[in-house]
Protein chains: 2
Amino acid sequence: MAFGVTVDLVVFTIRDDRLCALFVRRGIPPHRDRWALPGGFVLEEEGLLDAARRELADETGLDDLPIHLEQLATYGDPGRDPRMRVVSVAYLAFGPELPEPEAGTDAAEARWRPVDEMAPHPDQLAFDHAQILSDGLERARAKLEYSPLATAFCAEEFTVAELRHVYEVVWGIELDPRNFHRKVTGSPGFLVPTDRRTTRNGGRPALLYRRGDATVLNPPIAR
Amino acid sequence: MAFGVTVDLVVFTIRDDRLCALFVRRGIPPHRDRWALPGGFVLEEEGLLDAARRELADETGLDDLPIHLEQLATYGDPGRDPRMRVVSVAYLAFGPELPEPEAGTDAAEARWRPVDEMAPHPDQLAFDHAQILSDGLERARAKLEYSPLATAFCAEEFTVAELRHVYEVVWGIELDPRNFHRKVTGSPGFLVPTDRRTTRNGGRPALLYRRGDATVLNPPIAR
DNA sequence: ACAATAGTGTCTCTCAGACAGTATCGT
DNA sequence: ACGATACTGTCTGAGAGACACTATTGT
């Protein structure tokens, strides 16, 4: 009845118009040289969320990232780790375009990889991490609809077009810019307009917004 | 780095027009004589879901219940159990009107209690079980909207009115019987009509339905 | 006959999607 | 001037809510 407890992280970001997740190449057995989700053991006096935060800071090399972290699910099949009985609490993280990660202590290599390159090849991933990735992806896609989660992929201040880009990349579809604009600006508490504009995407200057304090979108953003 | 791992269960059913959950009164310290969610330690070679099923069968005294079980969340704050470091994986269960439970092995008493009696008094519950109950309630209410979960509260065959009653009890509001009827019978894959009718609720005989194979309701049932 | 519940039809209002049209920048 | 993007207005069709109306039972 003594279990090891780990946290594993599905860290999503958007790079070059693609949804990417953070992976490490394992430097030690088991599954040596295969890709895995970043993670590690929970310490004796450490909460689960604290452990997730610590691992995230470790792997990205940055300390105070503007990152949304939430619990995804827990995986504990006997035999999922051949060394011992391990229960893994998976966390889901979202951030704006993040820097290339530093290689961690026991990882040979850490890199952003597009999820549409990894998800179709579950056998390239260590342990049950393909399942965790798949669950994380499904959760992320669903939460875009009814929560302001998409703003977690954006910088502090962002335009409506940048927000729309998040939806388009994560869902893999195109959205009508005009209807999208009406929908998100009309959703109470979703977006707070600033008094600044930007032309960084070309064309007419676009108003910059910040995330509002809404936790749920009503009505949802239809897919 | 050796953790105890338990499963805790939030088991919902509907009794006497009220949403009830299963509680046990603790017969041993800590939190002796307080109410707790049923649960127990995961065994050495046992999967998490298997452990939840086993505990559920234990506590209800029945073996092959028509019960929906899904993982809720995992709770692992240091100090949540004063005896040792314990990580608890909570599961959410739903069943039709279930029999009064047998007292389990190490529980002094097991009973159905209406959640609106328990939720407002978090201090009457052991450990962090008030939080778990609250999370389970929120999840259940949300899932009624967009999943066929409500059918898990009904018997194998049920009427539209019985299904509506589930929504009304869990959400604590009244719904228009006519619009509800149109909505659920028009939701593809939600309900499969049988060729039988019942008058058990009085009035004109109502057609009996079974759950369909839909896993998601589109459009959702509005609250 | 009457009460009670099941189920259908209809109206109205709102909202989502399609898309025309206008505004304001860089080049 | 022209291309590009931002934003607004308008039309239409689908669906939600309100509620009248009909159907079929038990008493």
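The model shown is predicted, which means the values in this text are computed figures rather than measured ones. Order of the sequence lines fixes the chain letters, A, B, ..., with proteins taken first and strands second; residue numbering starts at 1 for each chain.
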Colleague: Take atom CG of A:Asn218 and atom P of C:dA16, then tell me their distance rounded to the nearest Å.
Modeller: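 Distance, rounded to whole Å: 10 Å.
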Colleague: Send over the distance from B:Arg182 CZ to D:dC19 C1', rounded to a whole Å.
Modeller: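 Going from B:Arg182 (CZ) to D:dC19 (C1'), I get 11 Å.
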Colleague: Salt bridge (Lys or Arg N to Asp or Glu O under 4.0 Å), that's the test. Do B:Asp176 and B:Arg178 meet it? Break it down for me.
Modeller: CA-CA 6 Å; B:Asp176 184 294; B:Arg178 301 158 292 186; 3.2 Å; yes
Colleague: Flag the pair A:Phe158 / A:Phe153 as yes when their ring centroid distance falls below 6.0 Å, and as no otherwise.
Modeller: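 No.
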Colleague: Relative to the 5' end of DNA chain D, which residue comes earlier, B:Lys183 or A:Glu162, by the nucleotide with the nearest heavy atom?
Modeller: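 The residue closer to the strand's 5' end, by nearest nucleotide, is A:Glu162.
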Colleague: Find the distance B:Asn201:CG to C:dA3:P and express it as a whole number of Å.
Modeller: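 B:Asn201 atom CG is separated from C:dA3 atom P by 20 Å.
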Colleague: For A:Leu175 and C:dA18, what is the distance between atoms CG and P respectively, to the nearest whole Å?
Modeller: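 Distance check: A:Leu175 CG to C:dA18 P gives 10 Å.
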Colleague: State whether A:Trp35 and A:Arg113 meet the cation-pi test: NZ (Lys) or CZ (Arg) under 6.0 Å from the six-membered ring centroid, and within 45° of the perpendicular axis.
Modeller: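 Yes, a cation-pi geometry.
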Colleague: Looking at every heavy atom in both B:Leu217 and B:Tyr167, which two are closest together, and how far apart are they?
Modeller: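 Shortest heavy-atom contact: CD2-OH, 4.2 Å.
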Colleague: Whole angstrom is fine here: how far is it from CG in A:Leu207 over to P in D:dT5?
Modeller: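 Whole-Å distance recorded here is 18 Å.
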Colleague: Toward the 5' end of DNA chain D, which comes first, A:Thr159 or B:Pro220, by nearest nucleotide?
Modeller: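 By nearest-heavy-atom nucleotide position, the 5'-most residue is A:Thr159.
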Colleague: With no hydrogens and no angle check, do the side chains of B:His129 and B:Gln131 hold a donor and an acceptor under 3.5 Å apart?
Modeller: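 No, because no side-chain N or O of B:His129 sits under 3.5 Å from a partner of the opposite role on B:Gln131.
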Colleague: To the nearest Å, how far apart are A:Leu208 CG and C:dT24 C1'?
Modeller: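 So the two atoms are 15 Å apart, to the nearest Å.
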Colleague: Please report the distance, rounded to the nearest Å, between CZ in A:Arg223 and P in C:dG17.
Modeller: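 Answer to the nearest Å: 13 Å.
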Colleague: Once you apply a heavy-atom cut-off of 4.0 Å, does A:Asp176 come out as touching a base, just sugar-phosphate, or nothing?
Modeller: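 Answer is base: heavy atoms of A:Asp176 come under 4.0 Å of a base.
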Colleague: Rounded to the nearest Å, what distance is computed from the CZ atom of residue A:Phe180 to the C1' atom of nucleotide D:dA6?
Modeller: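 In whole Å, D:dA6 C1' and A:Phe180 CZ are 14 Å from each other.
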Colleague: Could you work out which one of C:dG7, C:dA6, D:dG9 sits closest to the side chain of B:Val160?
Modeller: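 Shortest atom-to-atom distance from the side chain points to C:dG7.
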Colleague: For atom CD of A:Glu117, decide whether the heavy atoms of other residues, nucleotides or ligands shown that lie under 6.0 angstrom number more than 12.
Modeller: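 More than 12 heavy atoms, drawn from other residues, nucleotides or ligands, come within 6.0 Å of this atom.
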Colleague: If you compare every side-chain N and O of B:His181 against the phosphate oxygens of C:dA6 (OP1, OP2), does one of them come in below 4.0 Å?
Modeller: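 Result: no.
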Colleague: Please classify the nucleic acid contact of B:Pro219 as base, sugar-phosphate, or nothing, using heavy-atom distances under 4.0 Å.
Modeller: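 Sugar-phosphate contact only - B:Pro219 comes under 4.0 Å of backbone atoms but never of a base.
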Colleague: To the side chain of A:Arg197, which of C:dG17, D:dC19, D:dC7 is closest?
Modeller: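 That would be D:dC7.
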Colleague: Using atom types as modelled and distance alone, determine if a side-chain donor or acceptor of A:Trp171 lies under 3.5 Å from a backbone N or O of A:Arg223.
Modeller: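 Not a single qualifying donor-acceptor pair exists.
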Colleague: So does A:Asn179 reach the base of C:dA18 with its side chain, donor to acceptor, closer than 3.5 Å?
Modeller: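 Looking at the base of C:dA18, it does pair with a donor or acceptor on the side chain of A:Asn179 (distance under 3.5 Å).
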Colleague: Base, backbone or nothing for each nucleotide of nucleotides 21-27 of chain D, written B, S, -, heavy atoms under 4.0 angstrom, 5' to 3'?
Modeller: --BBB--
